[in-house]
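The structure appears below as structure tokens.
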Amino acid sequence: SPYDGATVVLYALWKKNPVTVKSIFVETEPTKTEYYVGDTLNTTGLIIGANLSDNTVRKVMTGFTVSAPDMSTPGEKTVTVTYEGFTTSYTINVVEKPVYNYTFSIVPPAKTEIAHGESVVVSAKLEGTYPEGMYVKCTANNTNFIPTLNEDGSYTLTADGVGATVFTATLYTADNQVAAEDTIELVALAEVVEEPSEPEEP
């Protein structure tokens with residue numbers, strides 16, 4: 001052999017083993033896990049953790065698939081997540097949509113025509129069963145009336161001039177959508193001046 005007696009340097013060629021997924025788990029559940037019957041599954045916020053063969057964990061936010069649970073009936077449902085051939089799951093809760101039955105209206109004030117400087121109290125009434133977080137905002141479209149919010153949620157409107165105003169009470173849902181509205185017209189009259197009475201003719 002030509003190498004007899006020669007110094008030969010051998011180089012080892014190492015091939016790096018590819019990093020593979022060994023298992024997966026739900027690291028962060030989606031923002032929404034409570035649903036009403038008929039809603040659509042929303043996986044926003046779901047983060048999957050992938051345990052890798054090099055003993056590290058990869059956060060996975062895309063590239064996985066989720067099963068579509070039956071949203072047509074109430075109950076606890078399992079959502080299966082698949083990534084790289086591995087599966088994990090989390091649960092959601094589906095409940096019947098509540099039926100709300102409420103009325104909303106402006107309580108008619110003692111009078112709708114007031115003289116300059118006079119005040120009238122106007123309030124809105126919400127009765128029945130309604131979603132949590134509803135709130136009322138009231139506005140008057142005319143500066144002839146100065147509205148002041150009272151502690152009980154009613155408004156005292158003071159006539160500061162002459163003319164009509166439309167007082168609007170608006171009912172909003174917790175996510176700021178208009179649910180109902182009612183209006184009433186109020187009129188500010190000129191200040192009533194007592195005419196001096198003429199002395200009667202004898």
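If you read the sequence from its start, that first residue is 1, and numbering goes on from there.
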With no hydrogens and no angle check, is any side-chain donor or acceptor of D182 less than 3.5 Å from a backbone partner on I106? yes
Partner set under ring pair (Phe, Tyr, Trp, His ring centres under 6.0 Å) for Y135, not counting sequence neighbours: Y172
So which heavy atom on S23 is nearest to which on F86, and how close? CA-CD2, 4.0 Å
Y36-M71 co-clustered via ILVMFWY side chain contacts under 4.5 Å: no
According to a hydrophobic-cluster definition based on side-chain heavy atoms being under 4.5 Å apart (Ile, Leu, Val, Met, Phe, Trp, Tyr only), do F104 and Y100 belong together? yes
According to side chain to side chain donor-acceptor pair (under 3.5 Å), who are the partners of T56, at least two apart in sequence or on a separate chain? D54
Taking atom NZ as the centre, does K137 end up with more than 12 heavy-atom neighbours from other residues, nucleotides or ligands that are less than 6.0 angstrom away? no
Within a radius of less than 6.0 Å around CG of D152, do more than 12 heavy atoms belonging to other residues, nucleotides or ligands occur? yes
So, does Y83 use its side chain to make a donor-acceptor pair with the main chain of T88 at under 3.5 Å? no
Taking the side chain as everything from C-beta on, heavy atoms only, tell me whether L46 gets closer than 4.5 Å to Y90. yes
For residues L171 and Y130: do they belong to one hydrophobic cluster (side chain heavy atoms under 4.5 Å, members Ile, Leu, Val, Met, Phe, Trp, Tyr)? yes
When you measure from the side chain of T158 to the backbone of S119, do you find a donor-acceptor pair of N or O atoms at a distance under 3.5 Å? no
Checking the side chain of K77 only, and the main-chain atoms of D70 only, is there a donor and an acceptor separated by less than 3.5 Å? yes
Would the distance check show the side chain of S67 and the main-chain N or O of T80 forming a donor-acceptor pair, the cut-off being under 3.5 Å? yes
Looking at T87 and V81, would you say the former's side chain and the latter's main chain have a donor-acceptor pair under 3.5 Å? no
Pick one: which of I92, V94, N93 meets side-chain contact (heavy atoms from CB on, under 4.5 Å) with E34? N93
